[in-house]
Amino acid sequence: QVQVKESGGDSVQSGGSLRLSCAASGLTRDSYCLAWFRQAPGKEREGVASIDDDGSTTYADSVKGRFAIVRDNAKGILYLQMNSLKPEETAVYYCAALRQGGVTCPRAPSVYDYWGQGTQVTVSS
């Protein structure tokens, strides 16, 4: 069974940086999409970034140039490096996995089957 668990959430000042980690277990040689989502109070869950087995990435327009998603398959860890954080990016951040290969990883949260419980990121002004 696939399991994912996020860590690294913290409180930071506006303009600060954080690196989130997601420990993934149960992944095989099969292709998986791994992704980060976030959900702020009163808002829908939105895709932040995704990465496939070939290293192809997608990013939300709002985070391009500031965030980077990286996967280490050998260690089973997914990272999200977040720089120049903004207060409006305060949210619970989730990692998710989807068994998929051959096409670009989707950004819609409803498609993903395996989810962590989330880690809180708070950005103060």
Side-chain angles (χ1 to χ4, degrees):
Q1 295 185 8
V2 175
Q3 291 184 299
V4 293
K5 184 177 181 180
E6 310 92 338
S7 63
D10 205 350
S11 296
V12 299
Q13 294 182 341
S14 180
S17 298
L18 280 176
R19 188 177 73 166
L20 304 182
S21 299
C22 176
S25 63
L27 302 181
T28 68
R29 191 174 176 83
D30 295 333
S31 296
Y32 282 86
C33 284
L34 298 176
W36 288 96
F37 296 83
R38 65 188 178 192
Q39 187 165 22
K43 295 185 179 295
E44 295 183 341
R45 189 171 299 182
E46 65 171 344
V48 177
S50 70
I51 185 168
D52 67 15
D53 287 354
D54 296 324
S56 297
T57 59
T58 69
Y59 294 94
D61 289 342
S62 62
V63 308
K64 288 181 179 178
R66 297 187 297 115
F67 289 14
I69 185 171
V70 181
R71 65 187 293 173
D72 186 332
N73 290 334
K75 296 181 179 180
I77 301 177
L78 175 72
Y79 300 99
L80 182 67
Q81 177 66 47
M82 305 185 293
N83 299 321
S84 301
L85 283 161
K86 305 174 181 179
E88 57 264 39
E89 293 175 315
T90 292
V92 176
Y93 284 69
Y94 300 88
C95 62
L98 168 69
R99 185 181 177 185
Q100 178 187 281
V103 297
T104 302
C105 294
R107 290 184 57 193
S110 61
V111 178
Y112 288 78
D113 294 321
Y114 307 102
W115 292 85
Q117 296 186 30
T119 185
Q120 177 70 46
V121 173
T122 301
V123 185
S124 60
S125 60

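- A continuous path of Ile, Leu, Val, Met, Phe, Trp and Tyr side chains, each step under 4.5 Å between heavy atoms, connects Y59 with L18, placing both in one hydrophobic cluster.
- Criterion: ILVMFWY side-chain heavy atoms under 4.5 Å apart, direct or through other members. Under it, F67 and V123 are part of a common hydrophobic cluster.
- In this structure, D52 contributes its side chain and D54 its backbone to a donor-acceptor pair below 3.5 Å.
- Two rings, from F37 and Y112, have their centers less than 6.0 Å apart.
- One distance of note links OG of S17 with CG of L85; it measures 6.5 Å at 0.5 Å rounding.
- To the nearest 0.5 Å, the span separating OG on S25 from CD on Q1 amounts to 9.5 Å.
- For the pair V4 and C95, the tightest heavy-atom approach, listed with the atom from each and the gap, is CB-SG, 3.7 Å.
- Side-chain atoms of E6 come within 3.5 Å of backbone N or O of Q117 as a donor-acceptor pair.
- For the pair P106 and C33, the minimum side-chain heavy-atom distance is below 4.5 Å.
- Hydrophobic cluster membership is shared by M82 and W36, with clusters built from Ile, Leu, Val, Met, Phe, Trp and Tyr side chains linked at under 4.5 angstrom.
- When the side chains of ILVMFWY residues are joined at heavy-atom separations under 4.5 Å, either directly or via intervening members, L20 and V63 end up in a single hydrophobic cluster.
- Side-chain atoms of Q120 and T90, non-hydrogen and from C-beta on, do get closer than 4.5 Å to each other.
- Formation of a donor-acceptor pair under 3.5 Å by the Q39 side chain with backbone atoms of V92 is not found in this model.
- Using a 4.5 Å heavy-atom cutoff, the side chains of I51 and L78 are in contact.
- Side-chain contact between E46 and R38: present, with at least one pair of heavy atoms (C-beta onward) separated by less than 4.5 Å.
- Taking hydrophobic clusters as Ile, Leu, Val, Met, Phe, Trp and Tyr residues chained together by side-chain heavy-atom distances below 4.5 Å, Y94 shares a cluster with L98.
- Side-chain N/O atoms of S50 and T58 include a donor and acceptor closer than 3.5 Å.
- Within the model, atoms NZ of K86 and OG of S125 stand 14.0 Å from one another, a figure rounded to the nearest 0.5 Å.
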